[in-house]
Protein chains: 2
Amino acid sequence: MTAESLPVLDDKEYLAEVHLQIGARLTRQEHRYTSGRRQLVEVLAQAKQPMTLPDIVAADPDLAQSSAYRNLDVLVRSGVIRRLSAGGDHAHFELAEPLLGHHHHLICIRCGSIEDIHLGSDVELLVDQSLSEIASQTGFTPIHHSLDLHGHCADC
Amino acid sequence: MTAESLPVLDDKEYLAEVHLQIGARLTRQEHRYTSGRRQLVEVLAQAKQPMTLPDIVAADPDLAQSSAYRNLDVLVRSGVIRRLSAGGDHAHFELAEPLLGHHHHLICIRCGSIEDIHLGSDVELLVDQSLSEIASQTGFTPIHHSLDLHGHCADC
DNA sequence: ACAAGAGTGAGAACGATTATCGGTACTAAA
DNA sequence: TTTAGTACCGATAATCGTTCTCACTCTTGT
C-alpha cells in the first residue's frame with residue numbers, strides 16, 4: 001500500500017503510482033482529481049525537498065495562487081499532502097508519509113530551506129517507544145511525531 | 001550556569017535566578033531589563049507550558065500588545081526566550097533551554113495547546129548521535145533539535 | 001440536453017505580526 | 001543637577017501570507 005512496500009520504481013513509474021493512489025483517495029472522498037491538483041502533485045513529487053507556495057507557483061506558472069492554496073488545503077485535508085510549519089514566512093508542503101515514507105527534516109534557520117533525512121530504524125523505534133510511553137501517561141493520543149534538526153545548511 | 005545545574009530551588013528562588021540571568025544577559029547586549037520585559041518573563045516563568053501572545057496579555061493585562069510583541073522579539077534575539085511555530089494561528093513562547101532545560105513538546109492538533117515533556121537521556125543520546133552523524137554527512141551545521149509529538153490532548 | 005454541484009481564478013478580506021512615530025524615562029558625562 | 005543621547009513605550013498604521021467571495025466553467029449523472 002505504501003510506496004516503501006513497492007518494488008523499486010523509476011521516476012515515471014513512481015509518479016504514475018502516486019497519481020493512482022492520490023486519485024483513488026480523492027475519489028473515495030468525493031473530490032475530483034483535476035488537472036490543477038495533478039499539476040500540484042507533480043511539482044511536489046518531482047521536488048527533492050518540501051516547497052513553499054511561491055516555490056510551487058514558480059515551478060509551474062500555470063498554477064493560480066488562489067487555486068493552489070485551495071487545492072493544497074484539499075489535499076492536506078485528504079491526507080495526501082503534509083503541511084510543515086517551520087517558522088519561516090511561508091508554510092512548506094510535501095507528499096504525505098504514505099507516499100514519501102517516514103522521515104525527518106534539516107531546517108536552515110537562515111534561509112528557511114528544508115531537506116528530508118532518514119534515521120536508522122533503531123532510533124525510530126526507541127523514539128516511538130519513548131514517546132508513546134509518555135503519551136499514555138498524559139492521556140495524549142499520538143498521531144505522528146516530527147524530529148527536526150535546526151541549524152545552518154551547507155549553502156548558508 | 002544552567003537552571004539544571006543549580007541546587008533545588010523553590011518557585012520564588014527560581015524566579016529570582018531567572019531574572020538575574022536574563023538581566024545579566026540583556027545588559028551584556030546593551031539592552032535594559034525594564035519592568036515590561038520583567039513582567040513578560042514572569043508570566044512565562046510561571047506558566048507550565050508555552051504561551052501565545054493572547055495568553056500572555058490575558059495573564060497580565062497591563063502588557064500592551066505592541067510592546068509585548070516587540071519585547072518578545074528582543075528577548076528571543078537575546079536567546080533567553082524561544083519562539084515555537086507549531087502550525088496554529090499564533091506562535092508560542094517559552095523560556096529558552098538554558099533556563100528551562102532541554103525538553104520536547106506534545107502538540108494538540110485540535111486546540112493548538114502545547115505541553116512540555118522530557119525524554120530519557122538514553123533516547124536523547126541516541127537521537128543526538130544519529131542527527132549529528134547525518135548533519136556532518138550533509139555539511140549541515142546543527143544548532144538544536146526539536147522532537148514533537150502531534151496528536152489530541154486529553155481535553156480534546 | 002439539462003440540472004446539480006464541484007472546481008476555478010481574480011480580487012477582496014482577514015488577521016497575526018511588524019513598523020512607525022511622538023512622547024517618556026533611564027543613563028552617563030560635565 | 002542639568003543635559004544630551006538613546007533605549008523604550010504604546011497607540012496606530014502598514015505588511016503580507018493565507019483564506020474567502022463570487023461569477024463563471026467544467027463534470028457527472030439522469
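Below, chain A is the first sequence line, B the second, and so on; all start at residue 1. The basis for the numbers below is simple: all heavy atoms, side chains too, and nothing from hydrogens, waters or symmetry mates.
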Worksheet item: Would B:Arg83 and B:Asp73 pass as an ion pair if we require N to O under 4.0 Å?
Response: yes

Please state whether the phosphate of [N], meaning OP1 or OP2, lies under 4.0 angstrom from any side-chain nitrogen or oxygen of [X].
X	N	answer
B:Asn71	D:dC9	yes
B:Tyr69	C:dT18	no
B:His90	C:dT17	yes

Practice prompt. Have a look at the helix from C:dA1-D:dT30 to C:dA30-D:dT1 and give the angle its two end axes make, five pairs each, rounded to 10 degrees.
Written response: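 The two end axes of the helix from C:dA1-D:dT30 to C:dA30-D:dT1 meet at 30°.
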
Worksheet item: Are B:His145 and B:His104 near enough that their ring centres are under 6.0 Å apart?
Response: yes

Fill in: Contact nearer the 5' end of DNA chain C, comparing B:Gln65 with B:Arg32
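Whichever sits nearer the 5' end wins; that is B:Gln65.
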
Worksheet item: When rounded to the nearest 0.5 angstrom, what is the spacing between CG in B:Leu40 and CZ in B:Arg37?
Response: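 Atom-to-atom, B:Leu40:CG and B:Arg37:CZ are 9.5 Å apart.
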
Worksheet item: Is there a donor and acceptor pair closer than 3.5 Å between the side chain of A:Arg37 and the base of C:dG7?
Response: no

Worksheet entry | Base of C:dG7 paired with side chain of A:Arg70 (donor-acceptor, under 3.5 Å) | no

Item to complete: Please list, chain by chain and in numerical order, all residues satisfying side chain to side chain contact (heavy atoms under 4.5 Å, CB included) with B:Arg110, sequence neighbours excluded.
Response: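 Expected list: B:Cys108, B:His152, B:Cys156.
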
Practice prompt. May I ask you to say what A:Ser66 touches in the nucleic acid, namely base, sugar-phosphate or nothing, with a heavy-atom cut-off under 4.0 Å?
Written response: base

Practice prompt. Assign each of B:Ala68 and B:Glu30 to its nearest nucleotide of DNA chain D by heavy atoms, then name whichever residue's nucleotide is nearer the 5' end.
Written response: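 This one resolves to B:Glu30.
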
Fill in: Nucleotide of C:dT18, D:dG10, C:dT8 approaching B:Ser67 most closely (side-chain heavy atoms)
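Output: D:dG10.
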
Discussion item. Tell me which residues in residues 105-115 of chain A lie within less than 4.0 Å of DNA chain D, going by non-hydrogen atoms.
Written reply: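 When residues 105-115 of chain A is checked for heavy atoms under 4.0 Å from DNA chain D, there are no hits whatsoever.
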
